[in-house]
Number of protein chains: 2
Amino acid sequence: MPTNRKPRITIDHVARATGVSRQTVSRAINNKSEIDPDTRQRILEAARTMGYRPSRFARGLVRQDLITIGLVIADVLNPFFPEVTAGVLEAAERRGWQVVVYNTGSEYRKELEVVDMLTDQVDAGVAFLLHHDAIVKAATSNMPFVLLDKGGRAPAVAGVRIDFEGGTRQGLEYLVSKGHRRIAMLDDESSRVAQAPNTRRELYLKVMGEHGLPVNSDWIQPAHNSIDGGAAALERLLAVHRDVTAVFAYNDVIAIGAQLRARHLGLRVPEDLAFLGFDGLSIGELVEPPLTTLHIDKRRLGELAVEQAALLLNGAEADEVPEAVIEPQLAIRASV
Amino acid sequence: MPTNRKPRITIDHVARATGVSRQTVSRAINNKSEIDPDTRQRILEAARTMGYRPSRFARGLVRQDLITIGLVIADVLNPFFPEVTAGVLEAAERRGWQVVVYNTGSEYRKELEVVDMLTDQVDAGVAFLLHHDAIVKAATSNMPFVLLDKGGRAPAVAGVRIDFEGGTRQGLEYLVSKGHRRIAMLDDESSRVAQAPNTRRELYLKVMGEHGLPVNSDWIQPAHNSIDGGAAALERLLAVHRDVTAVFAYNDVIAIGAQLRARHLGLRVPEDLAFLGFDGLSIGELVEPPLTTLHIDKRRLGELAVEQAALLLNGAEADEVPEAVIEPQLAIRASV
DNA sequence: TTGAAAGCGCTAACAC
DNA sequence: GTGTTAGCGCTTTCAA
């Protein structure tokens, strides 16, 4: 590929071409007041025809208020993340910040790479990180870092905590109140590696135990985090426990895949088998019956994370940042 | 809010602290070879404990290979865009580029603002722009700019063209082949302002005319680009044309909203009313019956746009960049 | 293997 | 209203 990059046109070129100093050009470009309107006009026109564009690097070096944050998500295609992203973009825009987006696919190597990269490229990171090592790296990176799902981690990292325990409790109690006793779980297979405390799976076991309901590990099926993954996991589950009456899924995506498959198998939802999701995705309203779920305000999650990043950028230490918590709310639709 | 920003730690501080020149620090940080391993180790450690992070601005000023592109989309929450974004992120990552994301909500003022902003902040723009003025501004901005939906515009702007004509033709012919003659359209209300040639609406009228099918403007209902918008538009449509047998929608989101509403109204799909979408979103597979649609390879769209941006960054003029076209493919599911 | 000098493109501060 | 000077933090020469 013959690269044919044009040499950069600088403020000096424009200054020379218009016979003024580069300071005056700078004034024109930046809409400063101390400049003759005619001069400004002349300079602006010359700049435009010459193809001048200010260098963000030179500018950033001089001004100290150009802030860019890095948003690290696991998967743009999972509808959970666009909603978080919307919140982050909006909150960042209000502050005049730029947002660079990175996708990790929850891969171990990729998460580490991205954290490294961020350190060089942005002023603060807002990240959804699965792997413990990546979280440690982020926490010790000398850079303001906010976790989008802090889980039960120590206050050494800033982040938003989603109250999965409250959510799980609320959800399972609702299932129990509807008369279900044989409740299975479809877990996210990749969350096994997370090494984080209080995973949804442990909470499920705990809460089930509290209600004296039968569970052991074969009530839990790992599922790939996708529609198809949920569908496949449901089949595996039914092969082991045909008598299950309700399924509690790791998230809505898995729940939807499972519910769809259940209906294809001829089961009635919720009469034969009930489904409870987690996340409150809007696509849960499109399926039949609409998915009952524990709704998380994902937009707010993004906004809170940006607020924490702002505190860190202002000099706060991670352990001084007040904890932000998102409480899942039971959204009763029709699948339970 | 008491801002308490720490003064920046520079390479000079690290140099002084370790008793070497800043050159040597630079070598250590950048993993250059001409440096004593022990010295490197010592420096790296000092840098870490001092909290040193290189300034991207200072670096960017010196090196010329740090590229950032701006991705401008209409709405992160519309599932069309995450797929495009995935393609853009992947292609950009392969090239080592950063991607800054902006959301316009298709608002006129916002689009103009974002184009202005981009000019200062990134090296090239990849954008989904609705409004003519914003497109003109982008095209004349002195900056490499690629449109994600070039439509039938002149070659003065680079961009990917989605062959809506081919798609519309394919779709309508399929409806006709299924025996439909009274086919209505649910148009996107905001595309009215676009002033672009070859809109889906005009294509609908044209192709319907070619088949000698009855149409006039009341067969077209404008819909807000959302599930609820599609639902509302369907009701309006049925109020005017109870005898319609098929609905061709501007896109899948509108089609899904309409189909959902039709079923709530007690209509059978496709027996009483058939639905044809456009875009090929994966959420179309979740509804019942799964939505027949004209599938667009959105990921590829994003990749092609990045490729064009690369050509422009290498010095090509917009009108030299070879045209890239995406052909919609009829995806027959079950709603027709 | 290390250091010194130069300069990337811009704006802030101050002079005129 | 405009120009001059200095310097932001770094990497790239080049010299030692």
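We name chains A, B, ... by the order of the sequence lines, and we start the count at 1 in each one. Since this is a predicted model, take the numbers as computed values, not measurements.
- The backbone N or O of A/Val115 lies less than 3.5 Å from a partner atom in the side chain of A/Thr119, making a donor-acceptor pair.
- Pairs of residues two or more places apart, or lying in two chains, that qualify as salt bridge (charged side-chain N to carboxylate O under 4.0 Å, His left out) and include a residue from residues 38-61 of chain B are A/Asp120-B/Arg59, A/Asp123-B/Arg56.
- An angle of 30°, rounded to 10°, separates the two end axes of the helix from C/dT1-D/dA16 to C/dC16-D/dG1, each defined over five pairs.
- Summarising the geometry, the separation between CZ on A/Arg16 and P on C/dG9 is reported as 11 Å, rounded to the nearest angstrom.
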Go through the steps to decide whether B/Arg299 and B/Glu90 satisfy the test salt bridge (charged side-chain N to carboxylate O under 4.0 Å, His left out), and finish with yes or no.
-> CA-CA 9 Å; B/Arg299 194 175 192 109; B/Glu90 200 184 309; 2.6 Å; yes
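- A/Arg63 is linked by a salt bridge (Lys or Arg N to Asp or Glu O under 4.0 Å) to A/Asp65, counting only residues two or more places apart in sequence or in another chain.
- What separates CZ of A/Arg22 from P of D/dA6 is a distance of 12 Å, to the nearest Å.
- Rounded to an integer number of Å, the gap from CG of B/Asp65 to P of D/dC10 is 17 Å.
- The side chain of A/Lys32 contributes an N or O atom lying less than 4.0 Å from OP1 or OP2 of C/dA12.
- Distance from the side chain of B/Arg27 is smallest for C/dG3 among the nucleotides C/dG3, C/dA12, D/dG9.
- Computed from coordinates, the B/Asn30 CG to D/dG9 P distance equals 17 Å when rounded to whole Å.
- If you check the side chains of B/Tyr102 and A/Glu93, you find no donor sitting under 3.5 Å from an acceptor.
- At the phosphate of C/dC10, neither OP1 nor OP2 sits under 4.0 Å from any side-chain N or O atom of A/Ser26.
- Side-chain nitrogen and oxygen atoms of B/Thr39 include at least one within less than 4.0 Å of the OP1 or OP2 phosphate oxygen of C/dT2.
- The CD1-P distance, from B/Ile11 to C/dG3, rounds to 12 Å in whole Å.
- Closest to the side chain of A/Arg63, from the set C/dC10, C/dA12, C/dC8, is C/dA12.
- In this structure, a donor-acceptor pair under 3.5 Å is absent between the side chains of B/Asn142 and A/Tyr52.
- When each of A/Thr24 and B/Arg8 is assigned the nucleotide of DNA chain D with its nearest heavy atom, A/Thr24 is the one assigned upstream, toward the 5' end.
- With the nearest nucleotide of DNA chain C identified for both B/Ser21 and B/Ala58, B/Ser21 has the one nearer the 5' end.
- Regarding B/Asp123, its CG atom lies at a distance of 13 Å from the P atom of C/dG9, rounded to whole Å.
- For the pair A/Phe145/A/Leu118, a side-chain contact is recorded, criterion being any heavy-atom separation below 4.5 Å from C-beta on.
- Taking the side chain as every heavy atom from C-beta outward, B/Leu312 and B/Val146 approach each other to under 4.5 Å.
- Between A/Met50 atom CE and C/dG9 atom C1' the separation is 14 Å, expressed in whole Å.
- Atom CG in A/Leu61 sits roughly 14 Å away from atom P in D/dG7 (whole-Å rounding).
- Contact annotation: A/Arg59 side-chain N/O to C/dT11 OP1/OP2 distance is under 4.0 Å.
- Not one side-chain nitrogen or oxygen of B/Thr10 sits closer than 4.0 Å to the OP1 or OP2 atom of D/dG9.
- With hydrogens and angles ignored, a donor-acceptor pair under 3.5 angstrom links the side chain of B/Gln23 to the base of D/dT12.
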